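Beneath this line is the structure, given in C-alpha coordinates, with notes to follow.
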Amino acid sequence: MAITTVGVIGAGQMGNGIAHVAALAGLDVVLVDVKAEAVAKALSTIGKNLDRQVAKGGIDAGAKDAAMARIQGGTDMSALSAADIVIEAATEREEVKLSIFKQVVPLLKADAILASNTSSISITRLAAATDRPHRFIGMHFMNPVPVMKLVEIIRGIATDDATFEAVQALADKMGKTTAVAQDYPAFIVNRVLIPMINEAVQALQEGVGNVESIDAALKLGAAHPMGPLALGDFIGLDTCLAIMRVLHEGMGDSKYRPSPLLVKHVEAGWLGKKTGRGFYDYSQDPPRPTR
Ligand SMILES: CC(=O)CC(=O)SCCNC(=O)CCNC(=O)[C@H](O)C(C)(C)COP(=O)(O)OP(=O)(O)OC[C@H]1O[C@@H](n2cnc3c(N)ncnc32)[C@H](O)[C@@H]1OP(=O)(O)O
Ligand SMILES: NC(=O)C1=CN([C@@H]2O[C@H](COP(=O)(O)OP(=O)(O)OC[C@H]3O[C@@H](n4cnc5c(N)ncnc54)[C@H](OP(=O)(O)O)[C@@H]3O)[C@@H](O)[C@H]2O)C=CC1
(Lines give C-alpha, C1' and ligand atoms only; values in the text may rest on other atoms or scores of the structure.)
(Ligands and ions follow the chains in the order given, each with its own letter.)
Protein backbone atom coordinates (compact mmCIF):
# COMPACT_ATOMS: atom_id res chain seq x y z
CA MET A 1 0.00 0.00 0.00
CA ALA A 2 1.49 3.36 -1.05
CA ILE A 3 1.38 6.06 1.61
CA THR A 4 0.98 9.57 0.20
CA THR A 5 -0.94 11.35 2.97
CA VAL A 6 0.11 11.25 6.62
CA GLY A 7 -2.17 12.38 9.44
CA VAL A 8 -0.56 13.54 12.68
CA ILE A 9 -2.56 13.95 15.91
CA GLY A 10 -1.03 16.25 18.52
CA ALA A 11 0.87 19.36 17.43
CA GLY A 12 3.38 19.39 20.31
CA GLN A 13 7.12 19.00 19.95
CA MET A 14 6.91 15.50 18.46
CA GLY A 15 3.89 16.16 16.24
CA ASN A 16 5.52 19.22 14.67
CA GLY A 17 8.75 17.29 14.05
CA ILE A 18 6.94 14.35 12.43
CA ALA A 19 4.90 16.74 10.22
CA HIS A 20 8.11 18.60 9.28
CA VAL A 21 10.02 15.48 8.20
CA ALA A 22 7.04 13.91 6.39
CA ALA A 23 6.35 17.09 4.40
CA LEU A 24 10.01 17.47 3.49
CA ALA A 25 9.95 13.88 2.23
CA GLY A 26 7.21 14.87 -0.24
CA LEU A 27 4.20 13.54 1.68
CA ASP A 28 0.98 15.46 2.20
CA VAL A 29 0.39 16.07 5.91
CA VAL A 30 -2.76 16.70 7.93
CA LEU A 31 -1.80 17.97 11.41
CA VAL A 32 -4.55 18.19 14.04
CA ASP A 33 -4.64 19.19 17.69
CA VAL A 34 -7.39 20.05 20.15
CA LYS A 35 -6.13 23.63 20.39
CA ALA A 36 -5.85 26.01 17.41
CA GLU A 37 -2.98 27.79 19.23
CA ALA A 38 -1.01 24.53 19.39
CA VAL A 39 -1.40 24.10 15.61
CA ALA A 40 -0.36 27.72 14.94
CA LYS A 41 2.68 27.32 17.22
CA ALA A 42 3.63 24.05 15.50
CA LEU A 43 3.45 25.60 12.02
CA SER A 44 5.60 28.50 13.19
CA THR A 45 8.16 26.09 14.74
CA ILE A 46 8.27 24.01 11.54
CA GLY A 47 8.85 27.20 9.53
CA LYS A 48 11.72 28.24 11.82
CA ASN A 49 13.33 24.79 11.79
CA LEU A 50 13.08 24.65 7.97
CA ASP A 51 14.62 28.15 7.80
CA ARG A 52 17.51 26.84 9.88
CA GLN A 53 18.01 24.01 7.37
CA VAL A 54 17.92 26.54 4.49
CA ALA A 55 20.44 28.81 6.26
CA LYS A 56 22.79 25.85 6.77
CA GLY A 57 22.49 24.85 3.10
CA GLY A 58 20.78 21.51 3.82
CA ILE A 59 17.74 22.38 1.68
CA ASP A 60 16.88 25.28 -0.66
CA ALA A 61 14.16 27.86 -0.07
CA GLY A 62 11.92 26.23 -2.69
CA ALA A 63 11.98 22.94 -0.76
CA LYS A 64 10.97 24.80 2.41
CA ASP A 65 8.02 26.50 0.68
CA ALA A 66 6.91 23.22 -0.92
CA ALA A 67 7.08 21.43 2.45
CA MET A 68 5.07 24.16 4.22
CA ALA A 69 2.46 24.06 1.43
CA ARG A 70 2.02 20.29 1.95
CA ILE A 71 0.98 20.72 5.61
CA GLN A 72 -2.67 21.32 6.37
CA GLY A 73 -3.11 22.21 10.04
CA GLY A 74 -6.34 22.46 12.02
CA THR A 75 -8.55 21.25 14.85
CA ASP A 76 -11.07 19.32 12.76
CA MET A 77 -10.35 15.58 13.14
CA SER A 78 -12.48 14.77 10.09
CA ALA A 79 -9.61 16.03 7.90
CA LEU A 80 -7.87 12.76 8.87
CA SER A 81 -10.22 10.88 6.53
CA ALA A 82 -7.76 11.66 3.71
CA ALA A 83 -4.86 9.93 5.46
CA ASP A 84 -3.28 6.59 4.49
CA ILE A 85 -1.64 6.48 7.92
CA VAL A 86 -2.42 8.44 11.08
CA ILE A 87 0.40 8.86 13.61
CA GLU A 88 -0.90 9.73 17.07
CA ALA A 89 1.55 11.99 18.94
CA ALA A 90 -0.64 13.39 21.73
CA THR A 91 0.22 13.59 25.44
CA GLU A 92 1.68 10.42 27.00
CA ARG A 93 -1.47 9.41 28.89
CA GLU A 94 -3.25 6.21 28.03
CA GLU A 95 -6.73 7.65 28.61
CA VAL A 96 -5.98 10.57 26.24
CA LYS A 97 -4.79 8.20 23.52
CA LEU A 98 -7.77 5.86 23.96
CA SER A 99 -10.25 8.71 23.73
CA ILE A 100 -8.52 9.98 20.57
CA PHE A 101 -8.74 6.54 18.93
CA LYS A 102 -12.42 6.29 19.83
CA GLN A 103 -13.06 9.62 18.16
CA VAL A 104 -10.85 9.07 15.12
CA VAL A 105 -11.47 5.46 14.10
CA PRO A 106 -14.91 6.08 12.55
CA LEU A 107 -13.40 8.87 10.40
CA LEU A 108 -10.58 6.81 8.87
CA LYS A 109 -10.35 5.04 5.52
CA ALA A 110 -11.09 1.34 6.01
CA ASP A 111 -7.50 0.36 5.19
CA ALA A 112 -5.71 3.28 6.88
CA ILE A 113 -2.89 2.37 9.26
CA LEU A 114 -3.06 3.72 12.80
CA ALA A 115 0.32 4.28 14.47
CA SER A 116 1.19 5.61 17.91
CA ASN A 117 4.35 7.57 18.72
CA THR A 118 3.92 6.52 22.37
CA SER A 119 7.15 6.40 24.37
CA SER A 120 6.13 3.50 26.55
CA ILE A 121 2.51 2.32 26.45
CA SER A 122 1.61 -1.19 25.26
CA ILE A 123 0.92 -1.17 21.52
CA THR A 124 -1.13 -4.36 21.89
CA ARG A 125 -3.38 -2.72 24.50
CA LEU A 126 -3.85 0.49 22.47
CA ALA A 127 -4.51 -1.56 19.31
CA ALA A 128 -7.15 -3.64 21.06
CA ALA A 129 -9.19 -0.50 21.70
CA THR A 130 -9.52 0.14 17.94
CA ASP A 131 -11.34 -1.58 15.08
CA ARG A 132 -8.00 -2.49 13.40
CA PRO A 133 -5.47 -4.18 15.69
CA HIS A 134 -3.88 -5.80 12.60
CA ARG A 135 -3.27 -2.36 11.09
CA PHE A 136 -2.04 -0.75 14.33
CA ILE A 137 1.66 -0.28 15.10
CA GLY A 138 4.15 1.68 17.22
CA MET A 139 6.13 4.22 15.18
CA HIS A 140 8.37 5.86 17.75
CA PHE A 141 10.31 8.90 16.54
CA MET A 142 13.08 10.50 18.61
CA ASN A 143 13.34 14.13 19.67
CA PRO A 144 14.28 16.38 17.85
CA VAL A 145 12.67 14.51 14.95
CA PRO A 146 14.41 16.44 12.14
CA VAL A 147 17.80 15.58 13.65
CA MET A 148 17.60 12.12 15.21
CA LYS A 149 18.10 9.21 12.80
CA LEU A 150 16.10 6.52 14.58
CA VAL A 151 12.53 5.35 14.37
CA GLU A 152 11.75 2.46 16.69
CA ILE A 153 9.07 0.19 15.23
CA ILE A 154 6.96 -1.81 17.67
CA ARG A 155 4.61 -4.52 16.49
CA GLY A 156 1.62 -5.34 18.65
CA ILE A 157 0.67 -9.00 18.95
CA ALA A 158 -1.88 -8.60 16.12
CA THR A 159 0.07 -6.28 13.77
CA ASP A 160 0.19 -7.86 10.30
CA ASP A 161 3.21 -8.06 7.98
CA ALA A 162 1.74 -5.64 5.41
CA THR A 163 1.42 -2.93 8.09
CA PHE A 164 4.93 -3.53 9.36
CA GLU A 165 6.38 -3.37 5.84
CA ALA A 166 4.41 -0.21 4.94
CA VAL A 167 5.66 1.55 8.08
CA GLN A 168 9.23 0.46 7.50
CA ALA A 169 9.01 1.84 3.92
CA LEU A 170 7.55 5.10 5.26
CA ALA A 171 10.40 5.48 7.77
CA ASP A 172 12.89 4.89 4.91
CA LYS A 173 11.17 7.53 2.80
CA MET A 174 11.43 9.95 5.72
CA GLY A 175 15.19 9.31 5.80
CA LYS A 176 15.15 7.39 9.08
CA THR A 177 16.86 4.18 10.17
CA THR A 178 14.65 1.70 11.99
CA ALA A 179 15.17 -0.57 14.98
CA VAL A 180 12.51 -3.16 15.74
CA ALA A 181 11.47 -3.58 19.36
CA GLN A 182 9.16 -6.10 20.96
CA ASP A 183 6.09 -4.77 22.74
CA TYR A 184 7.39 -4.60 26.33
CA PRO A 185 7.10 -1.52 28.58
CA ALA A 186 8.97 1.47 27.10
CA PHE A 187 10.44 -0.71 24.29
CA ILE A 188 14.24 -0.33 23.80
CA VAL A 189 15.36 3.32 23.85
CA ASN A 190 13.30 4.43 26.83
CA ARG A 191 13.82 1.17 28.79
CA VAL A 192 17.46 2.22 28.97
CA LEU A 193 17.42 6.01 28.67
CA ILE A 194 14.63 7.11 31.03
CA PRO A 195 15.81 5.10 34.09
CA MET A 196 19.20 6.80 33.52
CA ILE A 197 17.53 10.24 33.62
CA ASN A 198 15.49 9.16 36.68
CA GLU A 199 18.72 8.04 38.40
CA ALA A 200 20.29 11.43 37.67
CA VAL A 201 17.28 13.12 39.35
CA GLN A 202 17.64 10.77 42.32
CA ALA A 203 21.36 11.61 42.55
CA LEU A 204 20.38 15.29 42.53
CA GLN A 205 17.80 14.71 45.28
CA GLU A 206 20.39 12.90 47.41
CA GLY A 207 22.93 15.68 46.89
CA VAL A 208 25.47 13.48 45.12
CA GLY A 209 25.94 16.46 42.81
CA ASN A 210 24.17 19.61 41.73
CA VAL A 211 22.51 20.17 38.33
CA GLU A 212 25.69 21.54 36.84
CA SER A 213 28.01 18.79 38.10
CA ILE A 214 25.67 15.92 37.23
CA ASP A 215 25.20 17.18 33.67
CA ALA A 216 28.88 18.00 33.23
CA ALA A 217 29.81 14.54 34.53
CA LEU A 218 27.78 12.70 31.91
CA LYS A 219 28.58 15.13 29.08
CA LEU A 220 32.31 15.17 29.62
CA GLY A 221 32.72 11.83 31.33
CA ALA A 222 30.53 9.67 29.13
CA ALA A 223 30.36 11.76 25.92
CA HIS A 224 26.62 12.32 26.07
CA PRO A 225 25.57 15.24 23.82
CA MET A 226 23.41 16.62 26.68
CA GLY A 227 23.52 15.99 30.41
CA PRO A 228 20.68 13.77 31.73
CA LEU A 229 18.92 16.63 33.55
CA ALA A 230 19.02 18.89 30.48
CA LEU A 231 17.77 15.94 28.42
CA GLY A 232 14.91 15.34 30.87
CA ASP A 233 13.95 19.02 30.54
CA PHE A 234 14.17 18.70 26.75
CA ILE A 235 11.97 15.58 26.59
CA GLY A 236 9.49 16.99 29.15
CA LEU A 237 9.53 15.88 32.79
CA ASP A 238 5.83 14.90 32.55
CA THR A 239 6.71 12.51 29.73
CA CYS A 240 9.72 11.13 31.67
CA LEU A 241 7.51 10.51 34.72
CA ALA A 242 4.78 8.89 32.61
CA ILE A 243 7.37 6.51 31.12
CA MET A 244 8.81 5.63 34.56
CA ARG A 245 5.29 4.86 35.80
CA VAL A 246 4.63 2.55 32.83
CA LEU A 247 7.94 0.79 33.52
CA HIS A 248 7.27 0.55 37.28
CA GLU A 249 3.78 -0.85 36.83
CA GLY A 250 4.53 -2.98 33.76
CA MET A 251 7.70 -4.62 35.12
CA GLY A 252 6.56 -4.76 38.77
CA ASP A 253 10.14 -4.03 39.85
CA SER A 254 11.05 -1.37 42.43
CA LYS A 255 14.17 -0.47 40.45
CA TYR A 256 11.87 1.57 38.19
CA ARG A 257 10.46 3.66 41.07
CA PRO A 258 10.14 7.29 39.92
CA SER A 259 12.38 9.65 41.87
CA PRO A 260 10.24 11.67 44.34
CA LEU A 261 11.99 14.84 43.08
CA LEU A 262 10.84 14.05 39.53
CA VAL A 263 7.28 13.63 40.83
CA LYS A 264 7.52 16.95 42.69
CA HIS A 265 8.68 18.80 39.59
CA VAL A 266 5.72 17.50 37.62
CA GLU A 267 3.33 18.36 40.47
CA ALA A 268 4.75 21.90 40.44
CA GLY A 269 4.22 22.21 36.68
CA TRP A 270 7.99 22.53 36.20
CA LEU A 271 7.94 20.30 33.15
CA GLY A 272 11.18 21.48 31.55
CA LYS A 273 11.87 23.56 28.49
CA LYS A 274 8.26 23.58 27.30
CA THR A 275 7.05 25.35 30.46
CA GLY A 276 10.14 27.55 30.90
CA ARG A 277 11.37 25.76 34.04
CA GLY A 278 12.56 22.29 34.91
CA PHE A 279 15.99 21.51 36.31
CA TYR A 280 17.03 24.69 34.48
CA ASP A 281 15.38 28.11 34.36
CA TYR A 282 14.88 28.88 30.66
CA SER A 283 14.01 32.55 31.23
CA GLN A 284 17.78 33.06 31.61
CA ASP A 285 20.24 33.01 28.71
CA PRO A 286 22.00 30.64 29.00
CA PRO A 287 19.48 28.61 31.02
CA ARG A 288 20.42 28.67 34.72
CA PRO A 289 20.57 25.51 36.88
CA THR A 290 17.90 25.64 39.61
CA ARG A 291 19.78 23.56 42.24
C1 LIG B 1 11.44 10.29 25.16
C2 LIG B 1 11.34 9.42 23.98
O3 LIG B 1 10.29 8.77 23.79
C4 LIG B 1 12.45 9.18 23.02
C5 LIG B 1 13.42 10.30 22.80
O6 LIG B 1 13.27 11.07 21.90
S7 LIG B 1 14.66 10.40 23.89
C8 LIG B 1 15.59 11.83 23.38
C9 LIG B 1 16.51 11.50 22.25
N10 LIG B 1 17.25 12.67 21.92
C11 LIG B 1 18.45 12.94 22.42
O12 LIG B 1 19.02 12.15 23.15
C13 LIG B 1 19.04 14.26 22.03
C14 LIG B 1 20.39 14.50 22.64
N15 LIG B 1 20.90 15.78 22.22
C16 LIG B 1 21.48 15.98 21.00
O17 LIG B 1 21.62 15.05 20.19
C18 LIG B 1 21.94 17.37 20.69
O19 LIG B 1 22.16 18.05 21.89
C20 LIG B 1 20.92 18.19 19.79
C21 LIG B 1 20.83 17.52 18.41
C22 LIG B 1 19.54 18.26 20.40
C23 LIG B 1 21.42 19.61 19.65
O24 LIG B 1 22.71 19.54 19.17
P25 LIG B 1 23.78 20.71 19.40
O26 LIG B 1 25.00 20.33 18.65
O27 LIG B 1 23.86 21.04 20.83
O28 LIG B 1 23.08 21.95 18.81
P29 LIG B 1 23.13 22.56 17.40
O30 LIG B 1 24.53 22.63 16.85
O31 LIG B 1 22.38 23.83 17.54
O32 LIG B 1 22.30 21.54 16.54
C33 LIG B 1 22.82 20.42 15.83
C34 LIG B 1 21.93 20.22 14.63
O35 LIG B 1 20.59 19.92 15.03
C36 LIG B 1 19.67 20.91 14.52
N37 LIG B 1 18.67 21.12 15.55
C38 LIG B 1 18.90 21.33 16.86
N39 LIG B 1 17.75 21.36 17.53
C40 LIG B 1 16.76 21.18 16.63
C41 LIG B 1 15.35 21.11 16.73
N42 LIG B 1 14.69 21.21 17.91
N43 LIG B 1 14.64 20.90 15.60
C44 LIG B 1 15.27 20.76 14.44
N45 LIG B 1 16.60 20.81 14.27
C46 LIG B 1 17.33 21.02 15.38
C47 LIG B 1 20.52 22.11 14.23
O48 LIG B 1 19.98 22.89 13.20
C49 LIG B 1 21.84 21.48 13.78
O50 LIG B 1 21.74 21.06 12.41
P51 LIG B 1 23.03 20.80 11.49
O52 LIG B 1 23.72 19.59 12.05
O53 LIG B 1 22.43 20.58 10.16
O54 LIG B 1 23.87 22.02 11.62
N1 LIG C 1 9.13 14.55 24.16
C2 LIG C 1 9.86 13.60 23.64
O3 LIG C 1 11.11 13.67 23.68
C4 LIG C 1 9.22 12.42 22.99
C5 LIG C 1 7.89 12.17 23.15
N6 LIG C 1 7.32 11.07 22.54
C7 LIG C 1 5.88 10.80 22.68
O8 LIG C 1 5.20 11.62 21.75
C9 LIG C 1 3.92 11.99 22.29
C10 LIG C 1 3.81 13.50 22.33
O11 LIG C 1 4.85 14.01 23.14
P12 LIG C 1 5.30 15.54 23.04
O13 LIG C 1 5.16 16.02 21.66
O14 LIG C 1 6.59 15.64 23.74
O15 LIG C 1 4.19 16.20 23.97
P16 LIG C 1 3.66 17.71 23.98
O17 LIG C 1 3.13 17.94 25.33
O18 LIG C 1 4.71 18.61 23.41
O19 LIG C 1 2.50 17.67 22.90
C20 LIG C 1 1.33 16.90 23.02
C21 LIG C 1 0.24 17.61 22.23
O22 LIG C 1 -0.90 16.78 22.17
C23 LIG C 1 -2.01 17.61 22.44
N24 LIG C 1 -3.19 16.86 22.83
C25 LIG C 1 -3.57 16.50 24.08
N26 LIG C 1 -4.75 15.86 24.01
C27 LIG C 1 -5.09 15.82 22.70
C28 LIG C 1 -6.22 15.30 21.99
N29 LIG C 1 -7.22 14.71 22.63
N30 LIG C 1 -6.26 15.45 20.64
C31 LIG C 1 -5.25 16.06 19.98
N32 LIG C 1 -4.19 16.57 20.60
C33 LIG C 1 -4.10 16.44 21.94
C34 LIG C 1 -1.51 18.54 23.50
O35 LIG C 1 -2.37 19.63 23.69
P36 LIG C 1 -2.40 20.35 25.18
O37 LIG C 1 -1.06 20.99 25.32
O38 LIG C 1 -3.51 21.29 25.04
O39 LIG C 1 -2.66 19.26 26.18
C40 LIG C 1 -0.16 18.94 22.89
O41 LIG C 1 -0.30 19.95 21.92
C42 LIG C 1 3.83 11.32 23.67
O43 LIG C 1 3.22 10.07 23.51
C44 LIG C 1 5.30 11.14 24.05
O45 LIG C 1 5.52 10.12 24.95
C46 LIG C 1 8.03 10.23 21.74
C47 LIG C 1 9.37 10.48 21.51
C48 LIG C 1 10.07 11.56 22.16
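Residues take their numbers from the sequence shown, with the count starting at 1. Computed from a predicted model, the values in this text were never measured in an experiment. Counting starts at 1 for both ligands and their atoms, in listed order.
- Ligand 2 has no nitrogen or oxygen under 3.5 angstrom from a nitrogen or oxygen of T118.
- At least one N or O atom of S119, backbone or side chain, sits closer than 3.5 Å to an N or O atom of ligand 1.
- At under 3.5 Å, not a single nitrogen or oxygen of I100, backbone or side chain, sits near a nitrogen or oxygen of ligand 2.
- L262 and L271 fall within a single hydrophobic cluster, where Ile, Leu, Val, Met, Phe, Trp and Tyr are joined by side-chain heavy atoms under 4.5 Å apart, directly or via other members.
- The distance criterion of under 3.5 Å between nitrogen or oxygen atoms is met by N117 with respect to ligand 2.
- Using a 4.0 Å threshold on non-hydrogen atoms, atom 33 (C) of ligand 1 does not count as touching the protein.
- By the 30° and 60° cut-offs, the orientation of the rings of H265 relative to F279 is tilted.
- Of all atoms in ligand 1, listed by their number and element, those nearer than 4.0 Å to a heavy atom of N49 are 43 (N), 44 (C).
- Ligand 1 lies within reach of H140, whose nearest heavy atom is under 4.0 Å from it.
- Cluster annotation: F136 is connected to V104 through the hydrophobic network of ILVMFWY side chains, with a link wherever side-chain heavy atoms come within less than 4.5 Å.
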Inset, instruction - Kindly determine whether F164 and V180 satisfy side chain to side chain contact (heavy atoms under 4.5 Å, CB included), including the steps that lead there. - result: CA-CA 10 Å; F164 175 72; V180 178; 3.7 Å; yes
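- Of all protein heavy atoms, the one closest to atom 5 (C) of ligand 1 is M142 SD, 3.8 Å.
- Follow the hydrophobic side-chain contacts under 4.5 Å out from I194 and you reach Y256 in the same cluster.
- Checked options T178, N117, I188; the residue passing with E152 is I188 (criterion: side chain to side chain contact (heavy atoms under 4.5 Å, CB included)).
- Nearest protein heavy-atom neighbour of atom 12 (O) of ligand 1: L231 CD1, 3.7 Å.
- Heavy atoms of F141 found under 4.0 angstrom from ligand 2 belong exclusively to the backbone.
- Considering backbone and side-chain N/O atoms, T239 never comes within less than 3.5 Å of an N/O atom of ligand 2.
- Among all non-hydrogen protein atoms, the one lying nearest atom 27 (C) of ligand 2 is V34 CG2, 3.7 Å.
- Atom 18 (O) of ligand 2 has as its closest protein heavy atom Q13 N, 3.1 Å.
- Under a hydrophobic-cluster definition in which Ile, Leu, Val, Met, Phe, Trp and Tyr are linked whenever side-chain heavy atoms come within less than 4.5 Å, directly or via other members, F187 and I137 are assigned to different clusters.
- Ligand 2 is never approached by Q103 to a heavy-atom distance shorter than 4.0 Å.
- Nearest protein heavy-atom contact of atom 19 (O) of ligand 2 is G12 CA, 3.2 Å.
- Atoms of ligand 1 found under 4.0 Å from any heavy atom of I235, numbered from 1 in the order shown, are 1 (C), 7 (S).
- G236 does not count as a contact of ligand 2, since none of its heavy atoms falls under 4.0 Å from the ligand.
- The residues D161 and R155 are annotated as salt-bridged, a charged nitrogen and a carboxylate oxygen being separated by less than 4.0 angstrom.
- Closest heavy-atom approach to atom 6 (N) of ligand 2 within the set S99, A89, G17, S119: this belongs to S119.
- P225 CG, 3.8 Å is the protein heavy atom nearest to atom 14 (C) of ligand 1.
- Remark: atom 48 (O) of ligand 1 lies closer than 4.0 Å to at least one protein heavy atom.
- Proximity of K35 to ligand 2, defined as any heavy-atom pair under 4.0 Å, is confined to the side chain (atoms from C-beta onward).
- In this comparison of D238, V32, T91, the heavy atom closest to atom 39 (O) of ligand 2 sits on T91.
- Closest to atom 44 (C) of ligand 1 by heavy atom, among Q53, K56, R52, is R52.
- Counting only non-hydrogen atoms, the option in M14, K274, M139 that gets closest to atom 16 (P) of ligand 2 is K274.
- Heavy-atom contacts of P146 reach the following atoms of ligand 1: 44 (C) (cutoff under 4.0 Å).
- A single hydrophobic cluster is not seen to contain both L261 and L218; linkage of ILVMFWY side chains at heavy-atom distances under 4.5 Å, directly or through other members, places them apart.
- Proximity of M142 to ligand 2 is not established, as no heavy-atom distance is less than 4.0 Å.
- Within the 4.0 Å heavy-atom criterion, neither part of H224 lies near ligand 1.
- Taking CG from L204 and OG1 from T290, the interatomic distance works out to 7.5 Å, rounded to the nearest 0.5 Å.
- Put simply, atom 23 (C) of ligand 1 has no protein non-hydrogen atoms near it, under 4.0 Å away.
- Of the candidates V21, N190, V147, it is V147 that places a heavy atom closest to atom 37 (N) of ligand 1.
- Contact annotation for atom 3 (O) of ligand 1: protein present (non-hydrogen atoms, distance under 4.0 Å).
- The nearest heavy-atom contact from the protein to atom 9 (C) of ligand 2 is A90 O, 3.2 Å.
- Considering N143, D33, V104 only, the shortest heavy-atom separation from atom 3 (O) of ligand 2 involves N143.
- Closest to atom 42 (N) of ligand 1 among all protein heavy atoms lies P144 CB, 3.6 Å.
- Considering both main-chain and side-chain atoms, I235 comes within under 3.5 Å of ligand 2 through a nitrogen or oxygen pair.
- Ligand 2 lies less than 4.0 angstrom from a heavy atom belonging to M77.
- Considering N117, N143, L193 only, the shortest heavy-atom separation from atom 7 (S) of ligand 1 involves L193.
- Put simply, atom 29 (P) of ligand 1 has no protein non-hydrogen atoms near it, under 4.0 Å away.
- Nearest protein heavy-atom contact of atom 19 (O) of ligand 1 is M226 CG, 3.6 Å.
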